[in-house]
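Naming: A, B, ... by sequence-line order, numbering from 1 per chain.
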Number of protein chains: 2
Amino acid sequence: MSSVQRDTKTRILETTLKLLESGDKKVRMSDIAKAVGISRQALYLHYPNRADLLIAATRYLDRVKDADARLAESRAATSGLARLHAYIDAWGGYIPEIHGILSALRAMRDTDAEAAAACDDRMDAMRQGCAAAVRALNADGMLRPDLTEDTATDLLWSILSAEMWEHLVKRCGWTQDAYRAEVTRLADGALIATPQSTP
Amino acid sequence: MSSVQRDTKTRILETTLKLLESGDKKVRMSDIAKAVGISRQALYLHYPNRADLLIAATRYLDRVKDADARLAESRAATSGLARLHAYIDAWGGYIPEIHGILSALRAMRDTDAEAAAACDDRMDAMRQGCAAAVRALNADGMLRPDLTEDTATDLLWSILSAEMWEHLVKRCGWTQDAYRAEVTRLADGALIATPQSTP
DNA sequence: TGTAAACTTGACACTGTGTAAATAGGAAAT
DNA sequence: ATTTCCTATTTACACAGTGTCAAGTTTACA
């Protein structure tokens, strides 16, 4: 019973992600159904509502892209600074891949509590990474002395937010490389006691 | 003919703004009508659709809050750095007052072309202010040498974006003062050749 | 052949936006 | 005093999109 069903379920998730990623238009349930090649109602046999489908798609994407593994790499860094940079690279590089689904979920925030929860959950997880990087920085004595770890985490969290990426890359048209470079600089300047300069 | 009409029109705008500002919930046409004390259909006699109403409300807010005058103050600053800081103060202080309507318009971006245009228009105007501040900074030789004026403007524009304010103040719970202080620091670190430090 | 799962079609409820028609009340002109 | 205009009202409907329901069809497989 499960093999066919799982195939369709997976096909739905893949199609949903493709539609969300490639297009800037609105993705309706009927759009997804048509793209998958099933009826709109069949969609509801697999996912009870739009929010659940989007959340499932997010989880699927994480699994496929191995988000945890990527972000875990930053934990291996020895110095606090290296760890900060590794985290910026990891998360900053992940944003473009989840941007489509992320903004679809964000658009549902106001109307759907479940979507809002999924959004928050995701952002909170990201904040954990920021907090860890800030702690490592502080342990090395490199955190700007007038910042608490909490405030520093908030700052890094905001700098690395998907909205910031969207603004710089989508709106201003920056390349991913330019984004990475400037955001790293920005974070360094915001968090580090004695700002880095190329020696 | 006009006095009564203008009164109702103004009352609609004021009510709309109040609803948008004070509540985090969704504001429907019927909500506005009920709050004004007229029928939903009477709303359409004054404003043909929701987007037009929101846009009119934005313009009304600008007029009431005298946005131009505030932002113009920053142009009076003598040094580039003073001008940058004056602009950050002016715009950063204006965001909380227009945040409600701004995010309502932003939520309509995907579905309504006119709302998207109004949003872009507003953000572009803000970018002009950023560009002017960056030019003044560059004229003083204080712009980080590896930044073009365009790139620097993009950076400042992103740092001062309403999304950044929302993240730090609404999400992280910062006070407006903390926001102002850290964002100023952030902008300084991002744009200025030799970063400021308290002597 | 029979059964169950996956899927289909068609219909409908609900919300929110926007349109239309028929009507009422008040002000102002004549 | 009556007509005319303007504002507003009520009722009704069209439309898009989400979500539900019921009855019927295909496919697999035992």
Side-chain angles (χ1 to χ4, degrees), chain A residues 1-16 19-20 23-57 101 103-118, chain B residues 1-16 19-20 23-57 101 103-118:
Chain A
M1 65 165 177
S2 44
S3 156
V4 176
Q5 181 175 15
R6 186 163 306 139
D7 254 11
T8 307
K9 270 178 125 73
T10 313
R11 222 151 26 97
I12 290 172
L13 296 179
E14 277 163 358
T15 307
T16 303
L19 286 179
L20 282 172
D24 33 3
K25 58 210 163 222
K26 232 178 100 186
V27 176
R28 290 157 299 190
M29 292 299 266
S30 53
D31 293 330
I32 298 171
K34 191 180 293 179
V36 174
I38 61 176
S39 68
R40 185 176 71 90
Q41 285 71 4
L43 225 48
Y44 287 98
L45 296 177
H46 296 281
Y47 301 97
N49 54 54
R50 193 166 182 271
D52 275 23
L53 170 54
L54 291 183
I55 290 167
I101 184 104
S103 53
L105 276 176
R106 212 174 44 214
M108 293 184 71
R109 268 199 76 91
D110 301 324
T111 49
D112 191 290
E114 210 177 344
Chain B
M1 67 164 177
S2 44
S3 158
V4 176
Q5 178 176 18
R6 187 162 306 138
D7 255 12
T8 307
K9 271 178 123 73
T10 313
R11 225 155 20 100
I12 291 172
L13 296 180
E14 276 163 359
T15 308
T16 303
L19 287 178
L20 282 172
D24 33 4
K25 57 208 165 226
K26 232 180 104 183
V27 176
R28 290 158 300 189
M29 293 300 266
S30 52
D31 294 330
I32 298 171
K34 190 179 295 178
V36 174
I38 60 176
S39 67
R40 186 177 71 91
Q41 285 71 7
L43 224 50
Y44 286 99
L45 296 177
H46 296 280
Y47 301 97
N49 54 54
R50 193 165 182 271
D52 274 24
L53 170 54
L54 292 183
I55 290 167
I101 184 105
S103 54
L105 276 175
R106 212 175 43 213
M108 292 184 71
R109 268 199 75 92
D110 301 325
T111 49
D112 191 291
E114 209 178 342

Student: Expressed as a whole number of angstroms, how long is the span from A:Y47:OH to C:dA6:C1'?
Tutor: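 It is 14 Å, rounded to the nearest whole Å.
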Student: Nearest whole Å is fine: how far is D:dA8 C1' from B:D7 CG?
Tutor: 15 Å
Student: Of all residues at least two apart in sequence or in a different chain, which pass the side-chain hydrogen bond (donor to acceptor under 3.5 Å, both in side chains) check with A:R40?
Tutor: none
Student: Which residues pass the salt bridge (Lys or Arg N to Asp or Glu O under 4.0 Å) test with B:D52, sequence neighbours left out?
Tutor: none
Student: Within the structure, does a side-chain N or O atom of B:T8 lie under 4.0 Å from either OP1 or OP2 of D:dA8?
Tutor: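 True: B:T8 side-chain N/O within range (under 4.0 Å) of D:dA8 OP1/OP2.
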Student: Should B:H46 be listed as having a side-chain N or O under 4.0 Å from OP1 or OP2 of D:dT7?
Tutor: no
Student: Between atom NZ in A:K9 and atom C1' in C:dC7, what is the gap in whole Å?
Tutor: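 Between C1' of C:dC7 and NZ of A:K9: 14 Å.
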Student: Rounding to an integer number of Å, can you tell me how far B:L43 CG sits from C:dG18 P?
Tutor: 10 Å
Student: Can you measure B:E114 atom CD to C:dT17 atom P for me and round it to whole angstrom units?
Tutor: 16 Å
Student: Please determine if A:R28 and A:D31 form a salt bridge, counting it only when a charged side-chain N lies under 4.0 Å from a carboxylate O.
Tutor: yes
Student: Taking only residues two or more places apart in sequence or in another chain, which ones pass side-chain hydrogen bond (donor to acceptor under 3.5 Å, both in side chains) with A:E14?
Tutor: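 Only A:Y60 meet the side-chain hydrogen bond (donor to acceptor under 3.5 Å, both in side chains) criterion with A:E14.
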Student: If you pin B:D112 and A:S39 to their nearest nucleotides in DNA chain C, which one's is more 5'?
Tutor: A:S39
Student: Give each protein N/O atom lying under 3.5 Å from an N/O atom of nucleotides 16-18 of chain D, with the pair distance.
Tutor:
| from | atom 1 | to | atom 2 | distance (Å) |
| --- | --- | --- | --- | --- |
| D:dG17 | OP1 | A:R28 | NH1 | 2.9 |
| D:dG17 | OP2 | A:R28 | NH1 | 3.0 |
| D:dT18 | OP2 | A:M29 | N | 3.4 |

Student: With side-chain hydrogen bond (donor to acceptor under 3.5 Å, both in side chains) as the rule and sequence neighbours excluded, what pairs involving residues 103-113 of chain B come up?
Tutor: B:R106-B:E163, B:R106-B:E166, B:R109-B:D120
Student: Roughly, in whole Å, what's the span from CD in B:Q41 to P in C:dA22?
Tutor: 16 Å
Student: Take A:I12 and A:I38 through the side-chain contact (heavy atoms from CB on, under 4.5 Å) test and state the conclusion after the steps.
Tutor: CA-CA 9 Å; A:I12 290 172; A:I38 61 176; 4.1 Å; yes
Student: From CG of B:L45 over to P of D:dC5, roughly how many Å is that when rounded to an integer?
Tutor: 17 Å
Student: In whole angstrom, give the distance that lies between atom CZ of A:R11 and atom C1' of C:dA6.
Tutor: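 About 11 Å, once rounded to whole Å.
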Student: With A:E114, which residues qualify under side-chain hydrogen bond (donor to acceptor under 3.5 Å, both in side chains), at least two apart?
Tutor: none
